[in-house]
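Heavy-atom basis, side chains included; hydrogens, waters and symmetry copies ignored. A note on names: the letters A, B, ... follow the listed sequences, proteins ahead of strands, and every chain is numbered from 1.
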Amino acid sequence: MDLDKLQVNACTRSGWQAVDLGFQMARAWFRPLYLAGVMAMLPLTAVLLLLFWKSPFWALAIAWWLKPFWERLPLFIASRKLFDEDAGVWQSFRSFPVKDILPWLLWRRFSMQRAFDNPVTVLEELRGGQRRQRLRVLHGKYSDVALGNQFVCFCFELLVCFGIALTLDFFTPESLDLKVYDRYGDLTLVGEWMFTLSALLAMTLVMPFHSMAGFALYLNRRIELEAWDIEISFRNLVQRKRSDVTRSTGLLASVLLAGLVGLAASGGAEAALEHDRSSASDLIAEVLQGEDYGQEKVVRKWRFKDWSEEVEEESFPEWLIEFLEWWEQNIQWSTDFSGAAFWLKLLLVLLFLGCAGYLLWRYRGPLARLGGKSPEAAVPEVLFGLDVTPQSLPPDVPAQVMRLWGEDAYREALGLLYRASLSRLIDKYELAFRASHTEAECASLVKARGIESLSDYFWQLTRVWRELAYGHRIPAKERVQQLCHGWSRELSDEPH
Amino acid sequence: MNDSTSTTSAALDSLRRHINSRLIGQSQVVDQVLIAMLAGGHVLIEGVPGLGKTLLVQALAAGIGGKFKRIQFTPDLMPGDVTGHVMFDMSQGKFVLKHGPVFTNLLLADEINRAPAKTQAALLEVMQEQQVTLDGKSMEVGKPFMVLATQNPIEQEGTYALPEAELDRFIIKINIDYPQAQDEVLIATRYALQSFGGDQGDTRQLLDVESAQQQCAAIEVDDKVAAYAVDLVRATRGSTLLRHGAGPRASIALLRCAKALALINGAGFITPDDVKAMVLPVLRHRVILAPEVEIDGLGVDQVLANLLEKVDAPRS
């Protein structure tokens, strides 16, 4: 890394100014960045589109998921361009940075500061603890801007995508009859393709801007942390000094030709430069021991809390560390179960039992269904406002029905027969009637049971019951007797 | 079942067979149109063009011995084009009355949502009042009078959606879909060599509609069944799945349609099954889904079916 060749002005910027710089970089290196982006995306995306040509949304989803992969090549090229290196696209493509890609496609895929963090992986090639430490330092500032950059670019991408899709839709001549939507307003295959291609195009268009903005934020942070601007200023100073010396030498040479005065001056300058080099360390030590340095002063003032400083990646909570330290210092470990280990074990067991209990309670419904009987299939006691338990029925249902009929309690008589039938169907055949089921629906459930004689009987009973209950038509006594016989035959427990 | 009910039921059955013989593969639609006619209501049919809606109305008009007219609704259709108007006849030197197409028995209002609200309102007024006021005189339209309005679910550009209050005037809404494959083969083979509607078939009057409507009104309704119908309608008002529930007019429509269904089935009374069977066609255009339910992709029919499961059926 040769800071002398840095192509951007190394000065400290605010976060959003850095994002602006990133967008400027994306515009300046437009051609190689887009070419790199397209070269990275095109082959695999084309294969995906061919594979999923009937449902291109899948190809789009996979291409979207692989974004961290696509962004690497443009970033690699930009890092070379930044130091004025000739990074050919083909050459860069051959050295495609693929290290540590898997985490970026798994748990880091949902990182909201991807563009900001990417250079640490791709350019510095740091991994594990080193990477975490580096990120902790970098995230001390601008992580909120990185988040904003991601959000803005996401919105912009959506806007471009829908813009392209709608433009295509609006400007497609009706005579083509592409049928983007079906009759229910859903996208057809043509519509899906149109949307997928628009989304891929939008992704390609926005990707370099997003990457470069994150890269510029990263640069800005490094300029701050490593004082690149000061280093470059010093280098420029030395350069200027050297050129001054060269210029003086030339001048003195010309003067020598004319006289003798300049020779002394030239020799003096060289000697001064040599003197500076040899005594620099002594001079620095002397300055540091002076009055202006070596003093400590405590200044207290209010300032806004920087929340980003507190966010440490993959760190243990402070309270847990303190608890464990306390535990180690205050609890006597022993080999038997009477000491701390026993209590810790007990705590864990209780915690486990608590979790298990909560899960059992939380998912009691599905577990009950797994056990065989669903809650709906459980035998109900009251259905349709009727007591359908076997205990509520008289010992001899047909006899009771005919007794009620003899007392001119027609509705009660048939009601009892119908209720008894439902009760037996629930109890004996485990039919899952619901309160919302009408009589015909109950009869359909009985029919679905596949016992023809039972189904026929229940249909007859239902018909007679409905005529009485809703049509207020009293059936003939013989009909009721037939139904009672039928009940004994089909639904009674006693042998017939 | 008394004699008159069975006679009417038999006449309805022959009318149904007559229409089904001409309109193939849409027996459910035919039944629902007959129900609406017996209940004295109007029908809103939603479906793509070319499913035989005109044929259905022609066959029905022939079966009941009534007149049939059709209006194709367009954005420039004026109320006068529907109801009629008074114009000055130069040859006679006086104002003469020109009756509009509403003076008929069966009116097919094709693509009603293509006309502006003013024209729609003119037709809806006739539907409600069964009369037209022209030149200060009120004139009754034909008896029986029934409007079969159609809507196209696709191509919504340039349409004027019917407001909820106006949708409520239609007693049922029928969703007409493509016929089954074997029915479509039959349609294709039958009509390949003749034009649609070319063969009028049996043109005898098969049903006296006014008499059937009177019998329908006389169908017995038990208090518990009426309460069940009201419970079903009221359930739409308390549901979080619906932004707007059905009004009391829906309860009336539900019971009237259930009566018509009972008559078609030859019964002299209605059962909870009749009510339940009519819930979807009667309520589907009277409720509005909650936005989040629409986002979830649920349809009105699914939500209503869900509500049906939550209302207890009467039993004792």
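- For B:Val311, the part sitting under 4.5 Å from any heavy atom of chain A is the backbone (N, CA, C, O) and nothing else.
- Scanning both residues, A:Arg473 and B:Phe269, for their nearest heavy atoms gives NH1-CD2, 3.5 Å.
- Rounding to the nearest 0.5 angstrom, the gap separating the CZ atom in A:Arg466 from the CG atom in B:Asp274 is 7.0 Å.
- Summarising the geometry of A:Ala435 relative to B:Asp312, their closest heavy-atom pair is CB-OD1, 3.3 Å, with the distance given to 0.1 Å.
- For the residue pair A:Ser436 and B:Ala313, the shortest heavy atom distance occurs at O-CB, 3.8 Å.
- Residue A:Trp459 places its CH2 atom among more than 12 non-hydrogen atoms of other residues, nucleotides or ligands, all under 6.0 Å distant.
- Within 6.0 Å of atom OH in A:Tyr429, more than 12 heavy atoms from other residues, nucleotides or ligands are found, so the atom counts as buried in its surroundings.
- The environment of A:Trp65 atom CH2 is dense: over 12 non-hydrogen atoms of other residues, nucleotides or ligands sit within 6.0 angstrom.
- Residues A:His437 and B:Lys276 come closest through the heavy atom pair CA-NZ, 4.2 Å.
- Of all the heavy atoms in B:Val225 and A:Tyr470, the pair that sits closest is CG2-CD2, 3.3 Å.
- Residue A:Glu467 holds its CD atom at 11.0 Å from OG1 of B:Thr271, rounded to the nearest 0.5 Å.
- Sorted by first and then second residue, the salt bridge (charged side-chain N to carboxylate O under 4.0 Å, His left out) pairs with a member in residues 444-459 of chain A form an empty list; sequence neighbours excluded.
- Residues that satisfy the side chain to side chain contact (heavy atoms under 4.5 Å, CB included) test with A:Glu407, not counting sequence neighbours, are A:Arg403, A:Leu404.
- Sparse packing is recorded around CZ of A:Phe156, with 12 or fewer heavy atoms of other residues, nucleotides or ligands lying under 6.0 Å away.
- With chain A as the partner, the residue from B:Val275, B:Asp273, B:Ile219 showing the most heavy-atom pairs under 4.5 Å is B:Asp273.
- By the 6.0 Å contact criterion, CZ on A:Phe151 is open, its count of non-hydrogen atoms from other residues, nucleotides or ligands being 12 or less.
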